[in-house]
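What follows is one structure encoded as structure tokens, with my remarks underneath.
All chains are named by letter (A, B, ...) in the order of the sequence lines, taking the proteins before the strands, and each is independently numbered beginning at 1. Atom set for the values below is all heavy atoms of this structure, side chains included, hydrogens, waters and symmetry mates excluded. The shown structure was predicted, so the numbers you read here are calculated from the model rather than taken from an experiment.
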There are 2 protein chains.
Amino acid sequence: MSDTRERILEAARNAFSEKGFDGVSVEEIAQRAGVRKALIYYYFPSKEILFEEIWNNALEELEKHIFREIENENYYVKKIKRFLKAYIDFVTSRKILSKVIERERPAVLNTSTEESETTWSRLKERYDVFVDKVAKLIEEGKQNQIVHPDVDSKAAAKLIAQVMSGSSATEAIQALILRGLMKES
Amino acid sequence: MSDTRERILEAARNAFSEKGFDGVSVEEIAQRAGVRKALIYYYFPSKEILFEEIWNNALEELEKHIFREIENENYYVKKIKRFLKAYIDFVTSRKILSKVIERERPAVLNTSTEESETTWSRLKERYDVFVDKVAKLIEEGKQNQIVHPDVDSKAAAKLIAQVMSGSSATEAIQALILRGLMKES
DNA sequence: TCCTTTACTGACTGGTCGGTCAAATTATGA
DNA sequence: TCATAATTTGACCGACCAGTCAGTAAAGGA
């Protein structure tokens, strides 16, 4: 029920989206939240764990937004078009969450999965789960003969997930990827 | 003809590509280069300026690699195919440079161009120059009726420049983007 | 009322950060 | 040879870092 906890998360999201994990101090998050630094450690055991919650939450929101939109669509041409549209919608309307993901993705993906149970390896695994879900959707499109047979589902999913591009012309990107994906337009 | 200077640059490149600008200390760069920290400040006025040299050099190498490959090709279908191939070549063969760009791009692009003469605004301007060159190439492809008329050149250039993807399946990405770009395959 | 739990704070720690500087070392060339 | 310049070093600085902790304040329930 803690409103304070939410304020801290919100402040941290904004800070991380602007400056990245290493570029933000816990003190700065505290000031943005209007709270003393020690209080952050009352709600979160470490800066890393705080970031982990934000990261997981961002991906959860993204997945919810996308898959809620396409679950009742069984015609695969529409399904994939809607998927891309929902994805672009998210990127343009939930800019802070998108920026958090965009900003820290290189660091997260650079983590070796072998590192047992570090925070960063967990973040990577979570991201991989998301990419796999997108890959599965594209793969289904291929099996339904909608997606071009030469498309590598996993590679295409990675490409799409990479497009968190700051601001402009995301619809144009959507159209380009769609044309690259489909058998014919 | 200082060999030491090169050693520092090389060590810094490796460090920045693995951990990002904020994740690397000058002390760590010094140790990797087998040099005392103070010596780095003999060759470079600041950590930021050191990074600026690496960033600019990476983009210069990338541009050289790409445009050397396509300058003598006037048939635009081949020109754009060769361009994509050269780009993928660079990303797979010059991994450290690619990683430096990939890792710090979100931070660089997040900089407002208005910030007069900060290091980061200069890095952004340099990156924008590169994207503009790619956009110009695609635009020419459009005018030669090779690239699909609906393609937004600037947006497509941004998308391509974003693909520094760690490792795998870059050829598959190349094929997908090519299909999205071209009028017909 | 008093007591337990929850929320919050200030002051602090050990360590690291980017950066400086006087002095030492090594090369240069007259 | 000797002076001058280029290169390299260790010792140091103030600022800041993530994280700790004893203790205060505020609720809430009996």
Can a side chain N or O of [X] be found less than 4.0 Å away from OP1 or OP2 on [N]?
X	N	result
B:Tyr42	D:dT7	yes
B:Tyr41	C:dT20	no
B:Ser2	D:dA6	no
B:Arg36	D:dG10	yes
B:Thr4	D:dT8	yes

Given the rule in the side chain to side chain contact (heavy atoms under 4.5 Å, CB included) test, do A:Thr119 and A:Phe51 qualify, once you have shown the distances and angles that lead to the verdict? CA-CA 9 Å; A:Thr119 304; A:Phe51 182 76; over 6 Å; no

Answer with yes or no whether the side chains of B:Trp120 and B:Glu52 bring together a donor and an acceptor at under 3.5 Å. no

- How about A:Asn110 and B:Lys99: does a side-chain donor come under 3.5 Å of a side-chain acceptor? yes

Inset, instruction - For A:Glu71, look at atom CD and say whether over 12 heavy atoms of other residues, nucleotides or ligands are found less than 6.0 Å away. - result: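 Atom CD in A:Glu71 is crowded, with more than 12 foreign heavy atoms closer than 6.0 Å.
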
Output the rounded distance in Å from [atom1] ([X]) to [atom2] ([N]).
X	N	atom1	atom2	result
A:Glu48	D:dG19	CD	C1'	13 Å
B:Asp3	D:dA6	CG	C1'	15 Å
A:Ile40	C:dA7	CD1	C1'	14 Å
A:Arg5	C:dA7	CZ	C1'	14 Å

Using a 4.0 Å heavy-atom cut-off, does B:Tyr43 contact any base of the nucleic acid, only the sugar-phosphate backbone, or nothing at all? sugar-phosphate

Nucleotide nearest [X] when distance is taken to its side chain, options [options]:
X	options	value
A:Ala38	D:dT20, D:dG10, D:dG19	D:dT20
B:Leu39	C:dT20, D:dT7, D:dG19	D:dT7
A:Lys47	D:dG19, C:dC8, C:dT9	D:dG19

Original post:
If each of A:Lys37 and B:Val35 is mapped to the nucleotide of DNA chain D with the nearest heavy atom, which maps nearer the 5' terminus, i.e. the 5' end?
Top reply: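 On the 5' side of the pair lies B:Val35.
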
Note: contacts of residues 17-28 of chain A with DNA chain C (heavy atom, under 4.0 Å) are none

For A:Tyr87 and A:Phe130, take the angle between the two ring planes, folded into 0 to 90°, and tell me which bin it lands in: parallel under 30, tilted 30 to 60, perpendicular over 60.
parallel

message = Against the six-membered ring of A:Tyr127, is A:Lys124 placed for a cation-pi contact (under 6.0 Å from the centre, within 45° of the normal)?
response = no

task = Any chance you could lay out the side chain to side chain contact (heavy atoms under 4.5 Å, CB included) test for A:Leu181 and B:Arg179, step after step, and finish with the verdict?
result = CA-CA 8 Å; A:Leu181 232 42; B:Arg179 196 160 40 236; over 6 Å; no

